[in-house]
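We use all heavy atoms of the structure for the numbers below, so side chains are in, but hydrogens, waters and symmetry mates are not. Numbered from 1 within each chain, the chains take letters A, B, ... in sequence-line order.
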Number of protein chains: 2
Amino acid sequence: MRILIVEDEPTLGPQLKATLESTGYAVDLATDGEDGHFLGSTENYDAAILDLGLPEIDGLTVLDRWRREKRNFPVLVLTARDSWSDKVAGLDAGADDYLAKPFQTEELIARLRALIRRAAGNASSELTAGQVRLDTRSGRVTLAGEAVKLTAQEYKLLSYLLHHKGKVVSRTELIEHIYDQDFDRDSNTIEVFVTRIRKKLGADIITTIRGLGYQLDDPQG
Amino acid sequence: MRILIVEDEPTLGPQLKATLESTGYAVDLATDGEDGHFLGSTENYDAAILDLGLPEIDGLTVLDRWRREKRNFPVLVLTARDSWSDKVAGLDAGADDYLAKPFQTEELIARLRALIRRAAGNASSELTAGQVRLDTRSGRVTLAGEAVKLTAQEYKLLSYLLHHKGKVVSRTELIEHIYDQDFDRDSNTIEVFVTRIRKKLGADIITTIRGLGYQLDDPQG
DNA sequence: GCGTCCGAATGCGGATCTTGATTGTCGAAG
DNA sequence: CTTCGACAATCAAGATCCGCATTCGGACGC
């Protein structure tokens, strides 16, 4: 899952980035509205964390522009201000959630999880496909009840596929959502990880749609 | 838009119902967890507002049960409690948003709007013609309910025709949209793929307009 | 310093695409 | 109604592309 943080505070921004990366997200950080708007317009994120108080361009403006451009990733708005009228404005501008500073990092992560989950159309924090079960909260994966040890990348890949169960996911899409900005697109990394996941979870878990991408079968599909 | 409110407080519940109804929603009100869970399981709502502190069954339990039953309408959780650990629990149980009492009605409405808007974004776009159904999100094609396996090119071609249902599409147009830039115009690839699609989906699915191109019939056209 | 994990390179095998020739069909004109 | 020409459909085969397995060097963490 790839996240965009738009935050100008010199300590909070990098700190958030580090925390989220250690949680398993690919994170890009923009330190002003201009940059943030550009990244959000040109790259593909699964969610964005947007500070309202920004230099150059106001956070609300950035959000509004994204929405006009039909950029529909979920946005979690951060603000120091605490009046509910600001919240209403933010929500109406297209924010999907709202968090007042100061906040607990854990709550931020929980809300982020919820946002991504909902954006993918999943309600439960447990993602399943056939015998495979993944708990987004604990990061555990089981196959028919048995715990399976996945590496970080394997987990990211599987997680993304599970979040988009039933959908055909292209290799490009996977690369864009598992890695951040700078990554060599010309490599067969995805294939390699798909192979490794298949070795651990069974070959039938991931279906190859030749020429289009990969797909996790919906049990009742 | 139809909303379910699960709220036991004798004043707040009816008051919310009245407010939302005046805003244009159809509202059902349940006053305990048992009733709330039943309504949420059997009726179709666009969103639910769920109080965590409930008699009989706890709100979190109700939410958890809905999610296990694959009831995926967005849920806005209300609570008197204010600790972030409760919020985390609620979000992980499958809540989509969270509001601490007391709250401004206006903020509640704004959040509800945001929830419904987001949920609507997940609607899968399906293209159909006769017995054929193509889901652009999952990339699946079915004929009379039966899944049909199409190759990449077949899929592209069919997809383009479905997007322009009813229109006569020339061979040139198809080539231009299925292939990138330079492609040998003097070839009968299109015919070949049309043949293959017809073999898989039935000969009547694509009509040939001699000298002009191909056409997908609109069912009611 | 050792083990694990990641990502790049390679070669293979098979599915898929394209081509060109052949056969089939439509429609207009005689 | 028949015939003819143009266009469309079909088929088979070679070429091509794509994905898979495997290996290996290096990075990273412990």
Reckon B:V192 touches a base, only the sugar-phosphate, or nothing at all at heavy-atom distances under 4.0 Å?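 Result for B:V192 = base.
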
Checking all strands, does B:T195 fall into the base, sugar-phosphate, or nothing category for heavy-atom contacts under 4.0 angstrom?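 Base contact.
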
Is the distance from OP1 or OP2 of C:dT4 to the nearest side-chain N or O of A:T151 less than 4.0 Å?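 Negative; the distance criterion is not met.
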
Ignoring backbone atoms, test whether A:S187 places a side-chain nitrogen or oxygen under 4.0 Å from the OP1 or OP2 oxygen of C:dA9.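 Result: no.
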
Once you round it to whole Å, what is the distance between [atom2] of [N] and [atom1] of [X]?
X	N	atom1	atom2	value
B:I190	C:dC17	CD1	P	12 Å
B:Q153	C:dT18	CD	P	5 Å
B:E191	C:dC17	CD	C1'	15 Å
B:L150	C:dC17	CG	C1'	15 Å

With a 4.0 Å heavy-atom cut-off, tell me which residues in residues 207-214 of chain A come close to DNA chain D, sorted by residue number.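 Nucleic-acid contacts, sorted: A:T208, A:R210, A:G211, A:Y214.
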
Residues of residues 196-206 of chain B with any non-hydrogen atom less than 4.0 angstrom from an atom of DNA chain D: list those, numerically ordered, please.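 Those residues are B:R198, B:K199.
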
Taking side chain to side chain donor-acceptor pair (under 3.5 Å) as the test, write out the residues that go with A:T207, two or more places apart.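 Partners of A:T207 by the side chain to side chain donor-acceptor pair (under 3.5 Å) criterion, ordered by chain and then number, come out as A:D217.
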
Holding to side chain to side chain donor-acceptor pair (under 3.5 Å), I want the full list of residues that pass it with A:R117, two or more places apart in sequence or in another chain.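 By the side chain to side chain donor-acceptor pair (under 3.5 Å) rule, A:R117 matches no residue at all.
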
A:Y179 or B:E154: which one's nearest nucleotide on DNA chain C is closer to the 5' end?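 Looking at DNA chain C, the more 5' nearest nucleotide goes with A:Y179.
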
For A:R113, enumerate each residue passing the side chain to side chain contact (heavy atoms under 4.5 Å, CB included) test, keeping only those at least two apart in sequence or located in another chain.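 Partners of A:R113 under the side chain to side chain contact (heavy atoms under 4.5 Å, CB included) test: A:Y25, A:I109, A:A110, A:T136, A:R137, B:D92.
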
Partners passing side chain to side chain contact (heavy atoms under 4.5 Å, CB included) against A:E21 (at least two apart in sequence or in another chain):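 A:E21 satisfies side chain to side chain contact (heavy atoms under 4.5 Å, CB included) with A:K17, A:V27, A:D180 once adjacent residues are dropped.
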
Would you give the length of the straight line joining atom [atom1] of [X] to atom [atom2] of [Y], rounded to the nearest 0.5 angstrom?
X	Y	atom1	atom2	answer
B:L162	B:R133	CG	CZ	11.0 Å
A:L78	A:F103	CG	CZ	5.0 Å
A:L108	A:R111	CG	CZ	9.0 Å
B:N72	B:R67	CG	CZ	6.0 Å
A:I206	A:I197	CD1	CD1	4.5 Å
B:N44	B:L4	CG	CG	11.5 Å

Could you list the donor-acceptor pairs under 3.5 angstrom formed by side chains in residues 45-55 of chain A, with sequence neighbours left out?
unit_1 : atom_1 : unit_2 : atom_2 : d
A:Y45  : OH     : A:D28  : OD2    : 2.7
A:D46  : OD1    : A:H177 : ND1    : 2.8
A:D46  : OD2    : A:R2   : N      : 2.7
A:D46  : OD2    : A:H177 : ND1    : 2.8
A:D51  : OD1    : A:G53  : N      : 3.2
A:D51  : OD2    : A:K101 : NZ     : 2.7

Span of DNA chain D, from the first to the last nucleotide whose atoms fall under 4.0 Å of chain B heavy atoms: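 Listing 5' to 3', DNA chain D meets chain B from D:dA6 to D:dC11.
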
Which residues pass the ring-ring contact (aromatic ring centres under 6.0 Å, His included) test with A:H163, not counting sequence neighbours?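 Scan of A:H163 (ring-ring contact (aromatic ring centres under 6.0 Å, His included), adjacent residues dropped) gives none.
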
Applying ring-ring contact (aromatic ring centres under 6.0 Å, His included), can you list everything that pairs with A:F73, at least two apart in sequence or on another chain?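 So A:F73 forms a ring-ring contact (aromatic ring centres under 6.0 Å, His included) with A:W66.
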
Qualifying salt bridge (Lys or Arg N to Asp or Glu O under 4.0 Å) pairs with a residue from residues 153-164 of chain B, counting only residues at least two apart or across chains: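 Passing the test, one end in residues 153-164 of chain B: B:E154-B:K200.
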
The helix from C:dG1-D:dC30 to C:dG30-D:dC1: angle between end helix axes, five pairs per end, rounded to 10 degrees: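 Overall, the helix from C:dG1-D:dC30 to C:dG30-D:dC1 bends by 40° from one end axis to the other.
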
Any donor-acceptor pair, under 3.5 Å, between the side chain of B:N188 and the base of C:dG20, if you only look at N and O atoms?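 Per atom types, the contact qualifies.
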
